[in-house]
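Here the structure is laid out as C-alpha cells; the discussion comes afterwards.
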Amino acid sequence: MNRKKQMIVILLIVVFIVIVFLFQKQWLKKFYPRTYQEEVTSCETKYKVDSNLIFAVIKAESNFDQNAVSNREAVGLMQIMEETAIDVARKNAIELDTENVRQELCKIDKNIEIGTCYLATLLQRYESKEVALAAYNAGIGTVDGWIEKGMIKKDGSDIENIPYKETNNYVRKILRDYKIYEDLYKMEIKD
C-alpha cells in the first residue's frame with residue numbers, strides 16, 4: 001500500500017473513532033433500550049424496584065422479546081415459570097387467568113408486573129441485590145441452601161463464590177447492565 005492510501009486509511013479510522021466517541025451514548029441506547037417504559041415505571045412505583053434493575057433483568061432474560069420461551073419453559077420478557085407466576089399472583093392479589101398462564105405471561109404488562117413483584121419479594125427477603133438476582137435465576141431453595149452451607153454470604157459480598165457458573169455469570173451480567181442503564185439514563189427525568 002502506498003503512502004497516500006495509508007494516510008487515507010488512518011484518517012478514516014480516526015474519523016470513525018471520533019464519530020463513535022461523540023455518538024457513544026446514542027449508540028449504546030440502541031443496545032440498552034428502555035422499551036416498555038410505561039409498564040416498567042408503573043411497576044417501579046408500585047413495587048419499589050429501581051427501573052434500571054428491571055430493564056437489566058428484561059435485557060438479560062429475553063432481550064425485550066415478549067414471546068421468549070426458555071428451554072426450561074420460562075416465559076416472556078422477564079422469563080417467569082408458570083408455577084412462579086401463579087404463586088406470585090396469588091400471594092400478591094395480582095389478577096391472573098390460571099387456565100391460560102402461558103398466554104398471560106406473554107402480555108407485556110402482566111409479565112413485567114409479576115416479574116417485578118417477584119424481584120421485589122426476593123430483594124426484601126435477601127436484602128442484597130446480588131443474592132436476590134441469584135435466587136431469581138437459580139431458585140430460592142437453591143440459594144437458601146448455598147447460604148446455609150456457607151457457600152455464599154447472605155449479604156452478597158462474595159458473588160464470585162456462586163457455585164453455578166450460569167448463575168454466577170447471570171448475576172454479573174445483570175449488575176453490569178444495571179450500571180450501564182444507570183449511567184446512560186441518569187440525567188433523564190422520569191415521566
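Start at 1 with the first residue, then count along the sequence. Everything quoted here is computed from the prediction, not taken from an experiment.
Atom CG of Asn100 sits about 8.5 Å away from atom NZ of Lys107, to the nearest 0.5 Å. Annotation: the span from Leu105 atom CG to Met81 atom CE amounts to 10.5 Å, rounded to 0.5 Å. Note: Ile13 CD1 to Ile8 CD1 = 12.0 Å, rounded to the nearest 0.5 Å. Distance check: Asn168 CG to Lys173 NZ gives 14.0 Å after rounding to the nearest 0.5 Å. Note that CG of Leu133 and CD1 of Ile174 are 5.0 Å apart. Values are rounded to the nearest 0.5 Å. The OG1 atom of Thr41 sits 6.0 Å away from atom CD of Glu44, with the distance rounded to the nearest 0.5 Å.
Contact of the Leu175 side chain with the Glu130 side chain is registered, since non-hydrogen atoms from C-beta on lie closer than 4.5 Å. Residues Ile147 and Val131 have side chains in contact (heavy-atom distance under 4.5 Å, counting atoms from C-beta outward). Annotation: side chain of Leu77 is not in contact with side chain of Asp65 (no heavy-atom distance under 4.5 Å). Using a 4.5 Å cut-off on side-chain heavy atoms (C-beta onward), Leu122 and Val143 make no contact. Looking at heavy atoms from C-beta onward, Glu113 lies in side-chain contact with Lys46 at the 4.5 angstrom threshold. Annotation: side chain of Thr116 is in contact with side chain of Met78 (closest heavy-atom distance under 4.5 Å). When side chains are defined from C-beta on, Tyr47 does not count as touching Tyr118, because their heavy atoms never get closer than 4.5 Å. Using a 4.5 Å cut-off on side-chain heavy atoms (C-beta onward), Val40 and Ile112 make contact.
Counting heavy-atom neighbours within 6.0 Å of Glu38 CD, excluding the residue itself, gives a total of 12 or less. For Glu160, the CD atom counts as densely surrounded, since its 6.0 Å shell holds more than 12 non-hydrogen atoms of other residues, nucleotides or ligands. The local environment of OH in Tyr164 is sparse, with at most 12 non-hydrogen atoms from other residues, nucleotides or ligands closer than 6.0 Å.
With hydrogens and angles ignored, the 3.5 Å screen pairs a side-chain donor or acceptor of Asp50 with a backbone N or O of Asn52. Proximity of a side-chain donor or acceptor of Asp158 to a complementary backbone N or O of Lys153 within less than 3.5 Å is detected. Panel note: side chain Asn67, backbone Cys106; no donor-acceptor pair is recorded below 3.5 Å. Distance alone, capped at 3.5 Å, is enough to place a donor-acceptor pair between the Ser70 side chain and the Ala74 backbone.
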**Message:** Please evaluate residues Val88 and Thr121 with respect to the criterion side-chain contact (heavy atoms from CB on, under 4.5 Å), reporting the C-alpha separation (whole Å), side-chain torsions for both, the decisive distance (0.1 Å), and the verdict.
**Reply:** CA-CA 9 Å; Val88 169; Thr121 301; 5.8 Å; no

**Item:** Verdict with reasoning, Val101 to Ile86, per side-chain contact (heavy atoms from CB on, under 4.5 Å)
**Value:** CA-CA 8 Å; Val101 177; Ile86 292 167; 3.8 Å; yes

**Prompt:** Which is it for Arg125 and Ile140 under the side-chain contact (heavy atoms from CB on, under 4.5 Å) test, yes or no, and what are the steps along the way?
**Reply:** CA-CA 10 Å; Arg125 177 185 182 118; Ile140 292 170; 3.4 Å; yes

**Request:** Start with the C-alpha distance between Glu182 and Tyr178, add both sets of side-chain angles, then the distance that settles side chain to side chain donor-acceptor pair (under 3.5 Å), and finish with yes or no.
**Result:** CA-CA 6 Å; Glu182 279 186 322; Tyr178 174 60; 3.2 Å; yes

**Request:** Run the numbers on Gln79 and Tyr136 for side chain to side chain donor-acceptor pair (under 3.5 Å), then give the verdict.
**Result:** CA-CA 10 Å; Gln79 291 291 279; Tyr136 194 96; over 6 Å; no

**Request:** Could you walk me through whether Ile152 and Ile159 pass side-chain contact (heavy atoms from CB on, under 4.5 Å), step by step?
**Result:** CA-CA 7 Å; Ile152 64 169; Ile159 62 166; over 6 Å; no

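Remark: Arg34 qualifies as a cation-pi partner of Tyr185 under the 6.0 Å distance and 45° angle criteria applied to the six-membered ring. Cation-pi contact between Lys59 and Tyr32: present, with separation from the ring centre below 6.0 Å and deviation from the ring axis of at most 45°.
Taking both residues in full, the closest heavy atoms of Leu96 and Ala85 are given as CD2-O, 3.7 Å, listed atom of the first, atom of the second, then distance. Between Gly76 and Ser62, the closest heavy-atom pair is O-CB, 3.6 Å. The two residues Thr167 and Ala138 come nearest to each other via the heavy atoms OG1-CB, 3.6 Å.
Comment: Glu166 engages Arg72 in a salt bridge, judged by a side-chain N to carboxylate O separation of less than 4.0 angstrom. Look at Glu73 and Arg102 and you find a salt bridge, because one of the NZ, NE, NH1 or NH2 atoms lies within 4.0 Å of a carboxylate O, short of that distance.
Judged as a side-chain hydrogen bond (donor to acceptor under 3.5 Å, both in side chains), and not counting sequence neighbours, Thr84 has no contacts.
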